[in-house]
J.: 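Handing you this structure, nothing more for now.
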Protein chains: 2
Amino acid sequence: MSCVQTLRELGYRMTPQRQAILEAVHTHDDHFSTEEVHEEVRARYPQVNISTVYRTLELLKELGLVTQTDLGEGILRYHHIDKGHHHHLICENCGAIIDVDESVFSPLKRELLQDYQFKANMSHFAIFGRCAKCQR
Amino acid sequence: MSCVQTLRELGYRMTPQRQAILEAVHTHDDHFSTEEVHEEVRARYPQVNISTVYRTLELLKELGLVTQTDLGEGILRYHHIDKGHHHHLICENCGAIIDVDESVFSPLKRELLQDYQFKANMSHFAIFGRCAKCQR
DNA sequence: CGCTTTATTGCAAAGGGTTGCAACAATCAA
DNA sequence: TTGATTGTTGCAACCCTTTGCAATAAAGCG
Ligand SMILES: [Mn+2]
Ligand SMILES: [Mn+2]
Ligand SMILES: [Zn+2]
Ligand SMILES: [Zn+2]
């Protein structure tokens, strides 16, 4: 089901701003930033304020339609949930980013549920450390 | 070995500001914020700027003397490495914080090292999700 | 001790993100 | 179609954190 439908059914209103933001979110395959979405939206609706983009992305995150991740750049990046689940290992020394499949976290997720009855939301993780090259 | 010694041996200079910050860091058993450290330091040296506290805590983090964690409050919190390792499960719904031992992450850490030669720095994690009460 | 070197600081500005508020507009019922 | 309701937006102000820069001062050496 489309994001537009989901929002509508949950009682949220569909504004031109939200529609444009949703379209921008869907055209990106990679990890997009708020600023990038804002630029695309502004190409069509120049008056749209960036706080609207922040608020909309926050809403989409709360509804589980996008994931939010801090890759260590000083900004937050987003990822449409339809584009697949994966995580990132980030080298604190050289900045290298290694992608890992979400299955790596499955045992941990299972243990947290069994031992703590905690349902971890691990849809897009960034783990910092040292890559192979950068260890001594 | 004391933090003061470590800093000195690495070639960093020991200033009254740094000494006061280190003392504040050591008196806290819990997760302290930059602001809290700044207040304690200012009680003795009123002219110390908060950016110095930010810079010093960042340095201590880079040297592995403290851990930095975002518990979802909108601020960063720190933890002296001597006070033991543990992690937190944070409920996105009710805000409950469940402490978990660092051993929960050992298998994952091992797997990342074996499969990706990646040495993960998992000294103080915050995992968001839903606690037992808040699921359904 | 005095001098040189250069790491560190205070300050102000900036950057990313959030928030209060009044104006606006999507929605729905009449 | 109109009006009432109330969710949403633009804007400005703010919060936390980082950063450039010139002034300061710690450290080491003669
Ligand atoms: Mn990703
Ligand atoms: Mn902790
Ligand atoms: Zn590396
Ligand atoms: Zn809860």
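Protein chains get the first letters and strands the later ones, always in sequence-line order, with residue 1 at the start of each. Being a predicted model, the structure only gives us computed values, none of them experimental.
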J.: Heavy atoms only: give me the nearest A:Thr69-A:Phe125 pair and the separation to one decimal.
T.: CG2-C, 4.3 Å

J.: In whole Å, what is the span from the CD1 atom of A:Ile75 to the C1' atom of C:dG16?
T.: 9 Å

J.: What is the separation between atom CZ on A:Arg55 and atom P on C:dT19, rounded to the nearest whole Å?
T.: 10 Å

J.: Closest to the A:Tyr54 side chain: D:dT8, C:dG16, C:dT9?
T.: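 Minimum distance to the A:Tyr54 side chain belongs to C:dG16.
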
J.: Please check if the distance between the ring centroids of B:Phe105 and A:Phe105 is under 6.0 Å.
T.: no

J.: Quickly work out the B:Arg8 CZ to D:dG28 C1' distance and round it to whole Å.
T.: 13 Å

J.: Of all heavy-atom pairs between B:Tyr78 and B:Thr34, which one has the smallest distance, and what is that distance?
T.: CE1-OG1, 3.7 Å

J.: To the nearest Å, give me how far apart NZ (A:Lys61) and C1' (C:dG17) are.
T.: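 The answer, rounded to whole Å, is 11 Å.
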
J.: Compare the minimum distances between each of C:dC11, D:dT17, C:dA7 and the side chain of B:Asn49, then state the nucleotide with the smallest one.
T.: C:dC11

J.: Using OP1 and OP2 only, check whether a side-chain N or O of B:Ser51 sits under 4.0 Å from C:dG10.
T.: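 No, outside the criterion.
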
J.: Taking CG from A:Leu57 and C1' from C:dG16, how many angstroms apart are they, rounded to a whole number?
T.: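 The answer, rounded to whole Å, is 13 Å.
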
J.: Could you work out which one of C:dG10, D:dT17, C:dT6 sits closest to the side chain of B:Thr34?
T.: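 Given the options C:dG10, D:dT17, C:dT6, the side chain of B:Thr34 is closest to D:dT17.
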
J.: Any side-chain N or O of B:Thr15 below 4.0 angstrom from OP1/OP2 of C:dT9?
T.: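 For C:dT9, OP1/OP2 do have a side-chain N/O of B:Thr15 under 4.0 Å.
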
J.: Reading DNA chain D from 5' onward, which residue's closest nucleotide shows up sooner: B:Gln17 or B:Ile50?
T.: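 So the residue in question is B:Ile50.
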
J.: Knowing that exactly one of A:His80, A:His88, A:His85 qualifies, which makes a ring-ring contact (aromatic ring centres under 6.0 Å, His included) with A:His124?
T.: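 Of the listed options, the one satisfying the test is A:His88.
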
J.: Nearest whole Å is fine: how far is C:dT9 P from B:Leu7 CG?
T.: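 It is 11 Å, rounded to the nearest whole Å.
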
J.: Between B:Leu59 (CG) and D:dT19 (C1'), how many Å, whole number?
T.: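 Roughly 16 Å, once rounded to whole Å.
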
J.: Nearest whole Å is fine: how far is C:dG15 P from A:His38 NE2?
T.: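 Spelled out: NE2 on A:His38 to P on C:dG15 is 15 Å.
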
J.: Among D:dT18, C:dT8, D:dG10, which is the nearest nucleotide to the side chain of B:Arg13?
T.: C:dT8

J.: Where the side chain of A:Gln47 is defined as all heavy atoms beyond and including C-beta, which of D:dG10, D:dT18, D:dT9 is the nearest nucleotide?
T.: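 Selected nucleotide: D:dG10.
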
J.: Looking only at heavy atoms, which two atoms of B:Cys131 and B:Cys91 are closest? And how far apart?
T.: N-SG, 3.5 Å

J.: Base, sugar-phosphate, or nothing: which does B:Gly74 touch, judged by heavy atoms less than 4.0 Å apart?
T.: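 Since only primed, P, OP1 and OP2 atoms lie under 4.0 Å of B:Gly74, the category is sugar-phosphate.
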
